[in-house]
Amino acid sequence: MYFRSQKKSASDVSLSEYLETGKDGNALSLMDVICSDEDLFINLSTKEAHAKLYEIMDEVLTPRERIVVMLRYGLGGQSPQTQREIAQRCGISRSYVSRIEKKALQTLQEALIDYAPEA
């Protein structure tokens, strides 16, 4: 009977269980490896900020401005591109890309200043 009851809990793992001891002699627990509350909070607030930025971009920017900003700064998982690359891709001049970018960033800045986080 004892072995059957132990078999059920054989796969249970404690978060405070030590995995190994580092070179400096400090023990490393499973809780240390998974993450800390601070990391979780930072990741969550960063995701919320990104979501709000995309929402504001959709509200205040024209489709062309949104494309230029996303390509220029590598948003949406893309790598950042130069103004020249964006100009070639969109079939417009580099100076026009610069003007679109400048206007879009100014519009975004004004929208973000007006944005008051919900309490």
Side-chain angles (χ1 to χ4, degrees):
M1 282 309 251
Y2 175 76
F3 293 113
R4 286 185 188 170
S5 66
Q6 291 301 317
K7 186 176 181 181
K8 290 180 184 178
S9 64
S11 61
D12 293 347
V13 177
S14 170
L15 291 176
S16 59
E17 184 176 315
Y18 293 113
L19 299 175
E20 63 180 54
T21 304
K23 293 179 181 178
D24 56 357
N26 293 334
L28 183 65
S29 70
L30 187 57
M31 180 63 86
D32 295 331
V33 174
I34 292 177
C35 77
S36 69
D37 292 338
E38 295 168 359
D39 293 341
L40 191 61
F41 178 73
I42 290 170
N43 289 340
L44 183 60
S45 64
T46 302
K47 286 181 183 179
E48 289 175 354
H50 289 167
K52 192 61 183 175
L53 175 64
Y54 284 115
E55 182 181 321
I56 290 173
M57 284 176 60
D58 287 341
E59 291 175 8
V60 299
L61 297 181
T62 66
R64 178 170 269 177
E65 290 172 336
R66 192 169 35 255
I67 288 170
V68 167
V69 169
M70 291 187 73
L71 292 174
R72 184 75 173 113
Y73 295 98
L75 303 176
Q78 302 176 37
S79 60
Q81 296 182 6
T82 64
Q83 290 178 344
R84 190 170 316 257
E85 292 170 332
I86 297 168
Q88 288 175 347
R89 184 173 177 172
C90 295
I92 56 178
S93 70
R94 190 213 50 81
S95 62
Y96 190 45
V97 170
S98 178
R99 288 192 301 257
I100 292 171
E101 178 185 356
K102 183 178 178 180
K103 181 179 180 287
L105 292 178
Q106 184 177 2
T107 304
L108 274 176
Q109 184 178 14
E110 291 168 1
L112 289 171
I113 288 172
D114 294 340
Y115 166 71
E118 300 165 2

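Heavy-atom basis, side chains included; hydrogens, waters and symmetry copies ignored.
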I'd like to know if M57 and V68 are part of one continuous hydrophobic network [Ile/Leu/Val/Met/Phe/Trp/Tyr, side-chain heavy atoms within less than 4.5 Å].
no
OG1 of T107 to CG of L61: how many Å apart, nearest 0.5 Å?
6.5 Å
Heavy-atom check, side chain of I86 versus side chain of I100, under 4.5 Å
no
Which distance, rounded to the nearest 0.5 Å, do you find between the CD1 of I92 and the CZ of R99?
9.0 Å
According to a hydrophobic-cluster definition based on side-chain heavy atoms being under 4.5 Å apart (Ile, Leu, Val, Met, Phe, Trp, Tyr only), do M70 and I67 belong together?
no
Note, R89 side chain near E85 side chain (heavy atom, < 4.5 Å):
no
Nearest 0.5 Å please: distance from the CD atom of E55 over to the CD atom of E48.
12.0 Å
Under the side-chain contact (heavy atoms from CB on, under 4.5 Å) rule, what do Y54 and R66 come out as? Steps first, then yes or no, please.
CA-CA 9 Å; Y54 284 115; R66 192 169 35 255; over 6 Å; no
Is it true that Y96 and L105 fall in one hydrophobic cluster, defined by side-chain heavy atoms closer than 4.5 Å?
no
When hydrophobic residues are tied together by side-chain contacts of less than 4.5 Å, even through go-betweens, does Y73 share a cluster with V97?
no
Atom CG of L108 and atom CD1 of I113: how far apart are they, to the nearest 0.5 Å?
11.0 Å
Check whether any side-chain heavy atom of E110 lies under 4.5 Å from a side-chain heavy atom of V60, and answer yes or no.
no
State plainly whether one hydrophobic cluster holds both L71 and L75, where clusters connect Ile, Leu, Val, Met, Phe, Trp and Tyr through side-chain heavy atoms under 4.5 angstrom apart.
no
Are more than 12 heavy atoms, taken from residues, nucleotides or ligands other than Q109, located less than 6.0 Å from that residue's CD atom?
no
Hey, what do you get for OG (S93) to CD (Q83), rounding to the nearest 0.5 Å?
10.0 Å
Looking only at atom types and distance, does a side-chain atom of R72 sit under 3.5 Å from a main-chain N or O of Q81, one as donor and one as acceptor?
yes
